[in-house]
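First the structure, in the form of structure tokens, and then the observations on it.
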Amino acid sequence: MRFISPLVAIILLSVALTSTTIAKQENLSSANSVEYLTSDETTSLNLPFSEAVRVGNILYLSGAIGNIPGKKKLVSGGIKAETKQVMENISRILQRNESSLDRVVKCTVMLADIKEWSAMNQVYVTYFSKKRLPARSAFGTSGLALGARVEIGCIATIDD
């Protein structure tokens, strides 16, 4: 039976530990990397925020309103039409950034009038599986950008 000299064993152990440490640092680095994301659709609006920020495999979306894509104009039709457009806008942002509505884990809903909560919910729930509804907070505000009736921000996961 052949034995490894103590010096060779120490060198091999040192290489193994260094390789493990480097691999862990690379994984930690990629998990903590931050990307500020935007698109031509939102860049043209000259807004003071990113449409999304990616940290590791988590995607944080800025609040979306029911604006016509690429324009600072809301769709007409009230809370239900705006909610539908908000969800379509969110869906596009998620798709552009390697995610989808199926990957949303948390939403924050802001309503210009909390009395419209039920009407907003009628549209909102159609965008998610009943078995996979995201965690959610909803509250009334004293006003939203462009006079919107609803604004929704989301957190979603991304496949690695």
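For the single chain, residues carry numbers from 1 onward in sequence order.
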If Ile, Leu, Val, Met, Phe, Trp and Tyr residues are connected whenever their side-chain heavy atoms lie under 4.5 Å apart, and connections chain through other members, are [X] and [Y] in the same group?
{"X": "Leu146", "Y": "Met110", "result": "no"}
{"X": "Tyr36", "Y": "Tyr60", "result": "yes"}
{"X": "Ile68", "Y": "Ile65", "result": "no"}
{"X": "Phe49", "Y": "Leu144", "result": "no"}
{"X": "Leu74", "Y": "Ile152", "result": "no"}

Gap separating the [atom1] atom of [X] from the [atom2] atom of [Y], nearest 0.5 angstrom:
{"X": "Phe128", "Y": "Asp102", "atom1": "CZ", "atom2": "CG", "result": "9.0 Å"}
{"X": "Arg149", "Y": "Asp113", "atom1": "CZ", "atom2": "CG", "result": "5.5 Å"}
{"X": "Leu37", "Y": "Leu59", "atom1": "CG", "atom2": "CG", "result": "6.5 Å"}
{"X": "Lys106", "Y": "Cys154", "atom1": "NZ", "atom2": "SG", "result": "9.5 Å"}
{"X": "Glu116", "Y": "Gln122", "atom1": "CD", "atom2": "CD", "result": "11.5 Å"}
{"X": "Leu61", "Y": "Ile93", "atom1": "CG", "atom2": "CD1", "result": "5.0 Å"}

Exercise for review: Give a yes-or-no answer on whether the side chains of Arg136 and Asn121 include a donor-acceptor pair shorter than 3.5 Å.
Suggested key: yes

Point to revise | Side-chain donor-acceptor pair present, Lys84, Thr126, cut-off under 3.5 Å | key: no

Do the side chains of [Y] and [X] get nearer than 4.5 Å, heavy atoms only?
{"X": "Val104", "Y": "Ile155", "value": "no"}
{"X": "Pro134", "Y": "Val105", "value": "no"}
{"X": "Phe139", "Y": "Thr141", "value": "yes"}

Can you check whether [Y]'s main-chain N or O pairs, donor with acceptor, with [X]'s side chain at less than 3.5 Å?
{"X": "Thr83", "Y": "Ile79", "result": "yes"}
{"X": "Arg54", "Y": "Val34", "result": "no"}
{"X": "Ser99", "Y": "Thr157", "result": "yes"}

Review point. Can you list the steps and then say if Arg96 with Glu51 is a salt bridge (Lys or Arg N to Asp or Glu O under 4.0 Å)?
Key: CA-CA 11 Å; Arg96 276 196 293 270; Glu51 73 178 13; 3.0 Å; yes

Check your understanding: Excluding sequence neighbours, so at least two apart, what forms side chain to side chain contact (heavy atoms under 4.5 Å, CB included) with Gln85?
Key -> Pro69, Val75, Glu88, Asn89, Arg92

**Study point:** Minimum heavy-atom distance Ile90-Ala64, with the two atoms named
**Key:** CG1-CB, 3.8 Å

Check your understanding: So which heavy atom on Ala156 is nearest to which on Leu94, and how close?
Key -> CB-CD2, 3.7 Å

Exercise for review: Output, in order, the C-alpha distance, side-chain angles, deciding distance and verdict of side-chain contact (heavy atoms from CB on, under 4.5 Å) for Asn67 and Lys73.
Suggested key: CA-CA 5 Å; Asn67 63 300; Lys73 181 178 180 186; over 6 Å; no

Review point. Does NZ belonging to Lys71 count more than 12 external heavy atoms closer than 6.0 Å?
Key: no

